[in-house]
Structures are given as C-alpha cells and as structure tokens.
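Because only heavy atoms are used, hydrogens play no part in the values below, and waters and symmetry mates are left out as well, while side chains stay in.
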Amino acid sequence: MNTKLVVTDKPEPNELGAIGENLSAFNDADVGPSERRTLAILVRDEAGALKAGINGYTGWGWLFTQWLWVDESLRGQGMAGRMLQAAEDEARARGCHSAWIDTFNPVAEKAYTRQGYAVFGELPDFPIGRTRKFLKKKL
C-alpha cells in the first residue's frame with residue numbers, strides 16, 4: 001500500500017471526525033466504552049449575555065474541564081469555584097470518581113487548589129516563561 005503524509009492547518013471537518021471516530025472505536029475495543037458526554041456550565045447576566053462558563057466532558061469515570069472562563073466583571077467573586085462545584089456535582093451524578101484540569105495561569109491554579117485540586121504533573125516553558133500544571137481531584 002502506498003501512503004502519503006499530508007501536513008495541513010486546514011483539515012476537512014469530516015477528516016477530523018473520522019480520526020475521532022476511529023480512535024474512539026479503538027479505545028472502546030481496548031479498554032471499554034468511555035461513555036463520553038459533553039458537560040457545560042453557563043453563566044448569563046439578566047440580559048442573557050454569557051459572562052462565564054466551563055466546557056468539558058465526562059468519560060471513563062473522570063470529569064475533564066477543558067476550558068474555564070470568567071468575564072472580568074465577575075472575577076474575584078468565587079465564580080470559578082461555583083462553576084467547578086456545579087460541574088463536579090453533575091460529574092458525580094454521572095458516576096465519575098475524579099476530575100482533572102490544567103492551566104499555565106498562576107491565578108487560576110490558586111482557584112483550582114482552593115477547590116481541592118492538587119498538582120500531579122508539570123510542563124515547564126509551556127508557554128515560554130510559564131509552567132503548565134495538571135491538577136486532579138477525587139470526587
């Protein structure tokens with residue numbers, strides 16, 4: 001079989017979908033179904049504008065918080081902790097036993113440790129001058 005390696009920054013959505021579907025099928029056969037489900041926490045103001053949120057998923061008994069964002073107007077008021085608590089509560093309801101998150105922002109790291117997360121790994125200079133930290137928590 002002849003193959004060709006293609007490097008691109010503009011893959012077709014169906015190609016990315018195929019990669020994900022094939023990897024999921026492999027993992028399901030290898031370790032069992034992930035039962036992956038999207039989990040989002042949205043914070044809106046009285047006009048309906050998005051002011052904070054979490055984007056993540058649950059799978060294989062874990063909650064993964066991929067993105068956590070809080071608008072400047074709500075920072076310093078415990079919103080990150082309240083959103084994480086809501087995500088953790090939903091993850092427990094879905095049968096999850098643990099959670100993980102990563103950050104290279106020292107302020108975010110403090111918020112996560114206040115929520116009970118502990119650092120389990122680090123990548124220095126990611127980005128340059130910062131350390132990306134990986135944190136986990138038992139639910």
Side-chain angles (χ1 to χ4, degrees):
M1 170 194 328
N2 290 327
T3 59
K4 177 181 173 185
L5 190 82
V6 177
V7 177
T8 181
D9 63 349
K10 293 179 176 54
E12 295 295 326
N14 65 318
E15 293 170 322
L16 293 178
I19 292 168
E21 290 168 14
N22 284 294
L23 179 58
S24 291
F26 174 85
N27 287 337
D28 287 353
D30 186 37
V31 297
S34 70
E35 298 179 4
R36 181 176 170 150
R37 288 177 55 197
T38 298
L39 192 150
I41 307 296
L42 307 173
V43 178
R44 298 185 186 281
D45 67 11
E46 53 279 346
L50 188 64
K51 292 295 180 178
I54 285 178
N55 174 30
Y57 63 85
T58 55
W60 284 305
W62 284 80
L63 163 65
F64 171 55
T65 299
Q66 183 175 10
W67 297 331
L68 186 154
W69 163 75
V70 177
D71 184 78
E72 189 71 38
S73 66
L74 294 178
R75 291 182 189 160
Q77 300 175 39
M79 184 56 70
R82 292 191 345 241
M83 289 190 306
L84 283 168
Q85 187 64 55
E88 293 163 11
D89 290 346
E90 176 61 19
R92 276 188 210 90
R94 294 180 183 189
C96 292
H97 56 78
S98 301
W100 74 282
I101 193 168
D102 67 90
T103 187
F104 53 77
N105 182 299
V107 175
E109 179 187 354
K110 287 179 187 173
Y112 304 155
T113 57
R114 277 194 303 269
Q115 188 67 22
Y117 287 76
V119 174
F120 71 89
E122 299 182 351
L123 279 176
D125 287 325
F126 188 83
I128 299 294
R130 294 276 183 101
T131 298
R132 176 163 250 138
K133 298 196 178 175
F134 299 85
L135 301 96
K136 68 179 178 175
K137 175 182 179 176
K138 278 292 223 191
L139 297 179

Check: Should Val107 and Arg75 be marked as a side-chain contact (heavy atoms from CB on, under 4.5 Å) after you check the CA-CA gap, both sets of side-chain angles, and the distance that decides it?
Finding: CA-CA 11 Å; Val107 175; Arg75 291 182 189 160; over 6 Å; no
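- Note that the CG atom of Asp125 and the OG1 atom of Thr131 stand 6.5 Å from one another [nearest 0.5 Å].
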Note to self: Using side-chain contact (heavy atoms from CB on, under 4.5 Å), reason through Leu68 and Tyr112 one step at a time and then give a plain yes or no.
What the structure shows: CA-CA 11 Å; Leu68 186 154; Tyr112 304 155; 3.9 Å; yes
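- Residues Asn105 and Thr103 bring no donor and acceptor atom of their side chains to less than 3.5 Å of each other.
- Panel note: side chain Asp30, backbone Phe26; no donor-acceptor pair is recorded below 3.5 Å.
- In this structure, Trp69 contributes its side chain and Asn55 its backbone to no donor-acceptor pair below 3.5 Å.
- Here the straight-line distance linking atom CG of Leu63 with atom CD1 of Ile101 works out to 8.0 Å at 0.5 Å rounding.
- Pairs engaging residues 1-12 under the salt bridge (charged side-chain N to carboxylate O under 4.0 Å, His left out) rule: none recorded [sequence neighbours left out].
- Among pairs with a residue in residues 126-139, those fulfilling salt bridge (charged side-chain N to carboxylate O under 4.0 Å, His left out) read Glu88-Lys137, Asp102-Arg132, Glu109-Lys133, Glu122-Lys133, at least two apart in sequence or across chains.
- A distance of 10.5 Å separates CG in Leu84 from CG in Asp89, rounded to the nearest 0.5 Å.
- To the nearest 0.5 Å, the span separating CD on Glu35 from CH2 on Trp60 amounts to 10.5 Å.
- Leu42 contributes atom CG, which lies 6.0 Å from atom CG of Leu50 (distance to the nearest 0.5 angstrom).
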Margin query: Is there a side-chain contact (heavy atoms from CB on, under 4.5 Å) between His97 and Leu139? Walk through the geometry before answering.
Written below: CA-CA 5 Å; His97 56 78; Leu139 297 179; 5.8 Å; no
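- Annotation for Arg36: atom CZ does not count as buried by contact number, only 12 or fewer foreign heavy atoms lying within 6.0 Å.
- For the atom pair Trp100 CH2 and Phe64 CZ, the distance stands at 4.0 Å (nearest 0.5 Å).
- Glu90 has its side chain within reach of Arg94: a pair of non-hydrogen atoms, C-beta onward, lies under 4.5 Å apart.
- Within a 6.0 Å radius of CD in Gln85, more than 12 heavy atoms belonging to other residues, nucleotides or ligands are found.
- Considering all non-hydrogen atoms of both residues, Val70 and Ala80 come closest at CG2-N, 4.2 Å.
- In this structure, Phe120 and Phe134 have tilted ring planes: the angle between them lies in the 30° to 60° band.
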